[in-house]
Amino acid sequence: MAVGPALPNKQAFRPITGSDEVELFNQIPYVLNHEVAGDLISRRRHRDWTWIALDDEGQLLARVAWWCRPSDTSPFLLDLFDYLPGHESTGAALLRSALTAVVPKGTTPPKYTRFLPPDWRDDPTVRTAVDGRLAVVEQLGARLFVERLRLEWAPESPVPEPSGRPAFRPVSGESELVDLLTEILSGTLDAYSLDDLRRMPVRQAAQLQLDDEFAHYTSPRDWWRVATLPDSGEPVGLVIAARNQHRPIIAYIGVLAEHRGRGYIDEILAEGTRLLATTEPQRIRASTDVGNSPMAAAFARAGYTVFEREIVMAWD
């Protein structure tokens, strides 16, 4: 897709002035719009990372924004990029300008993520809009990183009773967690984990996962459960049940390499779901790569349904 001719000088690209322009920023519909105002207050977004393109009458033509964790000092994800139909060139120019201003020269831009309907490829209107945005991001140097299934479990779905085949106990501490993650990463199909393993040793990747993700959850750590053989206590798998800023989630699940193919994944997922179900949630969320068909099948057997997909693009 060509991004189009040069822009007329009358278009203005700039960050929003503050919370007073959230309504203007949200004039283009998207599933994250309801979070923007709160994210600015909680410092998950910053005014200087939230950009708009306006015509000479002050009408919104395109927008770009990055998200971060409250403790971050730099953007973590590019999660909002939109433009009105017919304004692909405006969107491309805005994203290019914002990238130059927000991402320090010589550093790799954060990944771009887009949430999509489960059947987005079957709707010509949606597919055209999505393909257009992905093409703009690709022209600016990104590549497809992964497509993921976003899943949810509803309380009316049944949860099987424990079979006793694996027993469960809390993780004894961070050292054991890193040990288990190190073993589970062997043979992983997860795109994020595989990317880490291309850049660092396996134990370092396991420690990074703890430090960058699990350590930030404020939910009880005794929700982190190890599946063990009932007779010997030997670990066979792990589930990290947690709560993020919005809801309960299955943050991580895996079976140690030497115990795969024996059906433990279903019981480990059931344990994490049972634990979170006791909190009486409206929904439990999870996600897995489209390419990780064994894990997707396990979620389906456990009553999780696909409510969205996610496309992630990355700069090298």
Side-chain angles (χ1 to χ4, degrees), residues 1-37 39-40 44-68 75-103 109-145 147 150 308-315:
M1 182 195 90
V3 266
L7 298 169
N9 294 330
K10 60 185 178 181
Q11 292 182 356
F13 300 160
R14 62 170 176 81
I16 62 172
T17 56
S19 58
D20 57 305
E21 288 195 323
V22 168
E23 185 175 349
L24 171 64
F25 183 84
N26 281 342
Q27 285 179 358
I28 300 177
Y30 184 52
V31 295
L32 295 181
N33 280 6
H34 68 287
E35 298 178 7
V36 173
D39 284 348
L40 285 167
R44 289 183 172 87
R45 298 189 190 277
H46 295 246
R47 180 188 70 81
D48 291 344
W49 304 345
T50 307
W51 282 57
I52 51 178
L54 305 174
D55 66 15
D56 59 349
E57 296 180 349
Q59 299 300 307
L60 181 69
L61 301 178
R63 65 179 189 168
V64 171
W66 284 263
W67 179 92
C68 70
F76 186 76
L77 280 176
L78 169 61
D79 67 337
L80 285 163
F81 170 49
D82 293 295
Y83 50 80
L84 295 182
H87 289 278
E88 292 89 348
S89 57
T90 302
L94 174 66
L95 179 54
R96 186 180 296 110
S97 297
L99 278 168
T100 300
V102 171
V103 179
K111 291 180 175 65
Y112 168 60
T113 180
R114 183 82 183 178
F115 297 130
L116 306 166
D119 58 350
W120 69 274
R121 288 185 175 85
D122 300 328
D123 185 325
T125 302
V126 173
R127 180 159 189 170
T128 297
V130 172
D131 286 346
R133 285 159 177 75
L134 299 184
V136 169
V137 176
E138 185 175 19
Q139 288 189 13
L140 295 180
R143 58 176 175 79
L144 178 65
F145 180 74
E147 182 171 351
R150 285 169 53 80
E308 273 182 345
R309 291 189 178 223
E310 179 187 14
I311 292 280
V312 182
M313 298 186 73
W315 279 264

Problem - Contact summary for Ile28 and Asn33, nearest pair of heavy atoms - result: O-ND2, 2.9 Å
Completion exercise
d(His87 NE2, Leu94 CG) to nearest 0.5 Å is 12.5 Å
Exercise for the section: Check whether any side-chain heavy atom of Trp67 lies under 4.5 Å from a side-chain heavy atom of Phe76, and answer yes or no. Expected result: yes
Practice task
Please report the closest heavy-atom contact between Ser97 and Phe13, naming both atoms and the distance.
Solution key: OG-CD1, 3.6 Å
Practice task
Answer whether the closest heavy-atom distance between the side chains of Pro109 and Leu78 falls below 4.5 Å.
Solution key: no
Practice task
First locate atom OG1 of Thr125, then atom CZ of Arg127, and finally report the distance between them rounded to the nearest 0.5 Å.
Solution key: 12.5 Å
Fill in the blank from the handout: Here the pair of heavy atoms bringing Leu140 nearest to Ala92 is CD1-O, 4.1 Å
Handout entry: Heavy-atom side-chain contact between Leu80 and Val36 under 4.5 Å
Key = yes
Practice task
For residues Met313 and Leu144, report the shortest heavy-atom separation together with the two atoms involved.
Solution key: CE-N, 4.0 Å
Completion exercise
On a heavy-atom basis, the closest approach of Ala62 and Tyr83 is CB-CB, 3.8 Å
Problem - Any pair counted as side-chain hydrogen bond (donor to acceptor under 3.5 Å, both in side chains), so long as it reaches residues 45-61, sequence neighbours left out - result: Asp39-Arg45, Arg43-His46, Arg45-Asp79
Fill in the blank from the handout: In this structure, CD of Gln11 is separated from OG1 of Thr90 (nearest 0.5 Å) by 3.5 Å
Handout entry: Rounded distance [0.5 Å steps], CZ in Arg44 versus CG in Leu77
Key = 13.0 Å
Exercise for the section: Could I get the full list of salt bridge (Lys or Arg N to Asp or Glu O under 4.0 Å) partners for Arg114, not counting sequence neighbours? Expected result: Asp82
Practice task
Would you check if Ile16 and Leu24 make a side-chain contact, meaning some heavy-atom pair closer than 4.5 Å?
Solution key: no
Practice task
Measure the shortest side-chain to side-chain distance between Arg63 and Asn26 over non-hydrogen atoms and say whether it is less than 4.5 angstrom.
Solution key: yes
Problem - Steps toward side chain to side chain contact (heavy atoms under 4.5 Å, CB included) verdict (Thr113, Ile311) - result: CA-CA 6 Å; Thr113 180; Ile311 292 280; over 6 Å; no
Practice task
Please step through side chain to side chain contact (heavy atoms under 4.5 Å, CB included) for the pair Ile52 and Arg14, ending with a clear verdict.
Solution key: CA-CA 6 Å; Ile52 51 178; Arg14 62 170 176 81; 3.8 Å; yes
Practice task
Compare every heavy atom of Phe81 with every heavy atom of Gly91, then report the nearest pair and how far apart it is.
Solution key: O-CE1, 3.3 Å
Exercise for the section: Check side chain to side chain donor-acceptor pair (under 3.5 Å) between Asp20 and all other residues, then give those that pass, not counting sequence neighbours. Expected result: Thr17
Completion exercise
Applying ring-ring contact (aromatic ring centres under 6.0 Å, His included) to Tyr112 and not counting sequence neighbours gives none
Problem - Point-to-point distance, once rounded to the nearest 0.5 Å, from CZ of Arg133 to CG of Leu95 - result: 11.5 Å
Problem - Minimum side-chain heavy-atom gap Asp119-Asp123 below 4.5 Å - result: no
Practice task
Sequence neighbours left out, what passes side chain to side chain donor-acceptor pair (under 3.5 Å) with Trp120? Give chain and number order.
Solution key: Glu147
Handout entry: With sequence neighbours excluded, residues passing ring-ring contact (aromatic ring centres under 6.0 Å, His included) with Phe145
Key = Tyr192
Completion exercise
Hits for salt bridge (Lys or Arg N to Asp or Glu O under 4.0 Å) against Glu310, two or more places apart or cross-chain, chain-then-number order -> none
